[in-house]
Amino acid sequence: YETTADKKGTSNALNNIGILYSKKGDKQKALEYYNKAFSIYKSANDKKGMSSALINIGIIYNKKKEYQKALEHYFRAIKLKEEVKDAGGIASAYNNIGNVYERQKDYDKAIEYFNKSLDIKAGIHDRQGITLSYNNIGTAYAEKGDYKRAEEYFLKSLAIAEEIGSLDDIKEAHFSLSELYEETKQ
């Protein structure tokens with residue numbers, strides 16, 4: 001029989017294989033491996049692992065436009081992340097929930113969850129996470145047509161990205177601003 005360490009290693013490997021399939025665009029295979037990983041995490045009572053697999057499953061359902069299933073998996077993951085006091089993981093799950101609502105064009109709900117994510121990231125001093133949240137909030141405001149508020153959030157994202165020297169986030173903020181200015185003919 002497998003030890004807990006064996007189960008953890010096996011489930012981590014299965015989860016990573018799922019990530020590879022997801023990156024290749026094979027959603028069904030990714031789901032298959034994430035579900036296998038989840039089962040083993042569960043048998044080892046590894047709540048952190050279970051929540052990670054649930055997040056990954058939610059991401060696949062979001063990509064498949066099965067939004068209700070995505071939300072169910074994210075909320076299940078949040079419960080587990082709360083039990084293991086994983087604030088960063090909770091923030092990430094809230095961000096993913098915001099993404100689901102944004103894809104459904106429910107921008108107010110998206111902003112609500114992006115702000116929940118932002119509040120947690122601010123509380124744990126995750127400055128890179130804060131840049132992502134600001135950018136996501138800005139995008140949702142732009143989609144709503146509130147270009148002034150969108151610009152405000154994109155500029156906040158850019159300022160922090162520059163402070164921490166995150167080139168990817170600087171690029172993302174500039175890209176968001178350029179799209180906004182193109183849209184508004186500025």
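Computation of the quantities below employed the complete heavy-atom set of this structure, encompassing side-chain atoms and omitting hydrogens, waters and symmetry-equivalent molecules.
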Qualifying salt bridge (Lys or Arg N to Asp or Glu O under 4.0 Å) pairs with a residue from [range], counting only residues at least two apart or across chains:
{"range": "residues 58-83", "value": "Lys47-Glu83, Lys64-Glu66, Glu66-Lys69, Lys81-Asp86"}
{"range": "residues 128-139", "value": "none"}
{"range": "residues 133-157", "value": "Asp108-Lys144"}

Can you give me every donor-acceptor pair (side chain of residues 94-104, partner residue at least two apart or in another chain, under 3.5 Å) with its distance?
unit_1: Asn95; atom_1: OD1; unit_2: Asn136; atom_2: ND2; d: 2.6
unit_1: Arg103; atom_1: NH1; unit_2: Asn62; atom_2: O; d: 2.7

Taking only distance into account, with no hydrogens and no angle test, what donor-acceptor pairs under 3.5 Å do side-chain atoms of residues 167-176 form with protein atoms, sequence neighbours excluded?
unit_1: Asp169; atom_1: OD2; unit_2: Gln128; atom_2: NE2; d: 2.9
unit_1: Asp169; atom_1: OD2; unit_2: Thr131; atom_2: OG1; d: 3.4
unit_1: Asp169; atom_1: OD2; unit_2: Ser166; atom_2: OG; d: 2.7
unit_1: Ser176; atom_1: OG; unit_2: Asn135; atom_2: OD1; d: 3.2
unit_1: Ser176; atom_1: OG; unit_2: Asn135; atom_2: ND2; d: 3.1
unit_1: Ser176; atom_1: OG; unit_2: Glu172; atom_2: O; d: 3.1

Taking all non-hydrogen atoms of both residues, which atom of [X] and which atom of [Y] are closest, and how far apart?
{"X": "Tyr34", "Y": "Ala53", "answer": "O-CB, 3.8 Å"}
{"X": "Ala150", "Y": "Gly138", "answer": "CB-O, 3.2 Å"}
{"X": "Ala70", "Y": "Gly58", "answer": "CB-O, 3.3 Å"}

Within one Ile-Leu-Val-Met-Phe-Trp-Tyr cluster: [X] and [Y], side-chain cutoff 4.5 Å:
{"X": "Ile55", "Y": "Phe38", "value": "no"}
{"X": "Tyr67", "Y": "Tyr74", "value": "yes"}
{"X": "Ile40", "Y": "Ile17", "value": "yes"}
{"X": "Leu54", "Y": "Phe75", "value": "no"}
{"X": "Ile130", "Y": "Tyr141", "value": "yes"}

Roughly how far, to the nearest 0.5 Å, is [atom2] of [Y] from [atom1] of [X]?
{"X": "Leu80", "Y": "Lys48", "atom1": "CG", "atom2": "NZ", "result": "12.5 Å"}
{"X": "Ser22", "Y": "Asn16", "atom1": "OG", "atom2": "CG", "result": "12.0 Å"}
{"X": "Ile78", "Y": "Leu71", "atom1": "CD1", "atom2": "CG", "result": "9.5 Å"}

Listed partners of [X] passing side chain to side chain contact (heavy atoms under 4.5 Å, CB included), at least two apart:
{"X": "Glu183", "value": "Tyr147"}
{"X": "Ile124", "value": "Ala87, Asp126"}
{"X": "Asn35", "value": "Leu31, Ile57"}

Working note: Phe154 + Thr139, criterion side-chain contact (heavy atoms from CB on, under 4.5 Å); need CA distance, chi angles, decisive distance, verdict. CA-CA 8 Å; Phe154 292 147; Thr139 300; 3.7 Å; yes
Show which side-chain atoms of residues 112-120 pair as donor or acceptor with protein atoms under 3.5 Å away, not counting sequence neighbours.
unit_1: Asn115; atom_1: ND2; unit_2: Ile111; atom_2: O; d: 3.2
unit_1: Ser117; atom_1: OG; unit_2: Ala91; atom_2: O; d: 2.8
unit_1: Ser117; atom_1: OG; unit_2: Lys121; atom_2: NZ; d: 3.2

Applying side-chain hydrogen bond (donor to acceptor under 3.5 Å, both in side chains), can you list everything that pairs with Asn12, at least two apart in sequence or on another chain?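 So Asn12 forms a side-chain hydrogen bond (donor to acceptor under 3.5 Å, both in side chains) with Tyr41.
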Restricting to side-chain hydrogen bond (donor to acceptor under 3.5 Å, both in side chains), what partner residues turn up for Thr184, sequence neighbours left out?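 Partners of Thr184 under the side-chain hydrogen bond (donor to acceptor under 3.5 Å, both in side chains) test: Gln186.
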Between Ser52 and Asn15, is there a side-chain heavy-atom distance shorter than 4.5 Å?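 Asn15 reaches Ser52 side chain to side chain.
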Aromatic rings Tyr33 and Tyr21: how do their planes relate, parallel, tilted or perpendicular, breaks at 30° and 60°?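 The arrangement is parallel - the two ring planes meet at less than 30°.
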Tell me whether the rings of Tyr61 and His73 are parallel (<30°), tilted (30 to 60°) or perpendicular (>60°).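 Rings of Tyr61 and His73: tilted, as their planes differ by 30° to 60°.
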Run the salt bridge (Lys or Arg N to Asp or Glu O under 4.0 Å) test against Glu163 and tell me which residues pass, sequence neighbours left out.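 With sequence neighbours excluded, Glu163 shows a salt bridge (Lys or Arg N to Asp or Glu O under 4.0 Å) to Arg127, given in chain and number order.
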Donor-acceptor contact present, side-chain Ser92 to main-chain Gly89, <3.5 Å: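 No, the answer is negative, given that no donor and acceptor are paired below the 3.5 Å cut-off.
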Check whether more than 12 heavy atoms from other residues, nucleotides or ligands sit under 6.0 Å from atom NZ of Lys36, and answer yes or no.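 Counting other residues, nucleotides and ligands, NZ of Lys36 exceeds 12 neighbours.
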